[in-house]
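Data first, discussion second: the structure below is written as structure tokens.
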Amino acid sequence: MKKEERELLARQKLLEMMAFEKELFARGIRYIAGVDEVGRGPLAGPVVAAAVILPEDFDVIGVDDSKKLSEKKREELFYIIKEKAIAYSVGMVDNKVIDEINILEATKLAMKRAVLALKPKAEYLLVDALTLKDVKLPQNGIIKGDCKSVSIAAASIIAKVTRDHMMKEFSKEFPYYAFEQNKGYGTKAHYKGLDDHGICPLHRKSFLDLPYLIDNAE
């Protein structure tokens, strides 16, 4: 496929992914926040959510569900989105709270924290898959929203890159689990670290069906 054709398809996709936003802009709503999270599945580390308000004339092609993008592309878009956004914010919930309230409630709490940190405040939320009942704003929970809404996709990129950077830093303090590679997910190297060294303060005990690891750590 020629470069021109690829760019044309990318621009078409951007237009499709702005459909939810355009409908809201047409109703006079200006501050539309896309909300998404990353880190529901890992064995260690926080769940991280982001909220992003994009301008009506946002024209950056290539923004998509962060899972579909290469690390290099995510990093590139991470800085562009932060520069172009009207506002963005991040909310997170650590592993201890995840263990206390469960991952679904922790995800909603991280999203709520991200939304409440926005300046200017959001007028409307587009949320990936969920609705935030204790956030008193009109909202739309969109299944697979990170593939359908450019604002949610932008939030997915901000959340993913933010969390990846955190896990790389954590790997310096806790070097046995290959966090710099697996970001806390249950890879072979991660499980080897657990077998050899037990859990560290970042691990989600409720995710580890390995009682001997926890017993040995305490």
Side-chain angles (χ1 to χ4, degrees), residues 6-40 47-92 107-133 135-166:
R6 286 198 303 270
E7 186 167 325
L8 187 63
L9 284 173
R11 291 205 171 278
Q12 180 61 36
K13 182 171 178 61
L14 175 62
L15 285 174
E16 291 170 3
M17 290 183 71
M18 290 198 73
F20 288 101
E21 288 81 358
K22 284 190 177 297
E23 180 185 342
L24 294 167
F25 285 134
R27 288 162 49 186
I29 299 168
R30 185 180 174 199
Y31 297 139
I32 305 157
V35 186
D36 199 7
E37 54 67 38
V38 67
R40 288 176 75 167
V47 61
V48 176
V52 179
I53 300 174
L54 297 176
E56 189 169 358
D57 62 355
F58 185 76
D59 63 353
V60 178
I61 62 173
V63 175
D64 204 345
D65 171 10
S66 64
K67 296 184 292 295
K68 294 183 176 181
L69 303 172
S70 68
E71 183 175 0
K72 181 181 177 183
K73 188 64 175 177
R74 284 196 301 265
E75 290 278 347
E76 176 188 323
L77 288 168
F78 175 76
Y79 294 104
I80 294 172
I81 291 164
K82 288 170 76 170
E83 180 186 341
K84 300 273 189 182
I86 291 172
Y88 66 89
S89 59
V90 170
M92 60 187 73
T107 296
K108 292 177 181 177
L109 179 56
M111 288 179 163
K112 178 181 177 180
R113 287 174 174 174
V115 169
L116 295 181
L118 284 169
K119 294 181 181 179
K121 295 185 181 301
E123 299 172 280
Y124 195 103
L125 306 181
L126 297 173
V127 187
D128 185 41
L130 301 172
T131 50
L132 306 177
K133 292 180 180 177
V135 176
K136 303 304 180 188
L137 285 170
Q139 55 192 280
N140 186 2
I142 304 168
I143 301 299
K144 295 187 178 178
D146 46 11
C147 304
K148 299 174 182 176
S149 157
V150 70
S151 299
I152 297 176
S156 80
I157 292 167
I158 296 294
K160 170 69 173 164
V161 175
T162 298
R163 189 179 187 281
D164 284 358
H165 287 177
M166 291 175 65

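Side-chain contact check for Ser151 and Glu21: at least one donor-acceptor pair (N or O, by modelled atom type) lies under 3.5 Å.
The structure places CG of Asp65 at 5.0 Å from OG of Ser156, a figure rounded to the nearest 0.5 Å. For the atom pair Leu8 CG and Arg6 CZ, the distance stands at 12.0 Å (nearest 0.5 Å). With values rounded to the nearest 0.5 angstrom, Tyr31 atom OH is found 6.0 Å from Ile86 atom CD1. Here the straight-line distance linking atom CD of Glu23 with atom CD1 of Ile29 works out to 9.0 Å at 0.5 Å rounding. Expressed to the nearest 0.5 Å, how far OG of Ser89 lies from NZ of Lys119 amounts to 10.5 Å. Here the CG-CG distance, from Leu54 to Asp59, works out to 11.0 Å after rounding to the nearest 0.5 Å.
At least one donor-acceptor pair under 3.5 Å links the side chain of Lys148 to the backbone N or O of Ile143. Under the 3.5 Å distance criterion, the side-chain polar atoms of Ser149 are left unmatched by any main-chain donor or acceptor of Gly145.
The side-chain contact (heavy atoms from CB on, under 4.5 Å) with Ile152 is formed by just one residue from the set Val63, Asp36, Leu125; it is Asp36.
Residues Asp146 and Lys67 are in side-chain contact: their nearest non-hydrogen atoms beyond the backbone lie under 4.5 Å apart. Taking the side chain as every heavy atom from C-beta outward, Met111 and Val127 approach each other to under 4.5 Å. The shortest side-chain heavy-atom distance between Leu130 and Glu37 does not fall under the 4.5 Å cut-off. Side-chain contact between Leu126 and Ile142: present, with at least one pair of heavy atoms (C-beta onward) separated by less than 4.5 Å. Using a 4.5 Å heavy-atom cutoff, the side chains of Glu75 and Val161 are in contact. With a 4.5 Å cut-off on side-chain heavy atoms, Arg30 and Glu56 do not count as touching.
Of all non-hydrogen atoms in Lys22 and Leu15, the two that sit nearest each other are CE-CD2, 4.4 Å. In terms of heavy-atom proximity, Pro120 sits nearest to Ile53 at O-CD1, 3.7 Å. Taking each heavy atom of Val48 and Met92 in turn, the nearest pair found is CG2-CB, 4.0 Å. The shortest non-hydrogen separation linking Pro138 to Glu123 is CG-O, 3.3 Å.
Between Glu76 and Lys72 no salt bridge is recorded (no basic side-chain N to carboxylate O distance below 4.0 Å). Classification of Lys73 and Asp64 as a salt-bridged pair fails, no side-chain N sitting under 4.0 Å from a carboxylate O.
Residue pairs meeting the ring pair (Phe, Tyr, Trp, His ring centres under 6.0 Å) criterion with at least one member in residues 53-80, sequence neighbours excluded: Phe78-His165.
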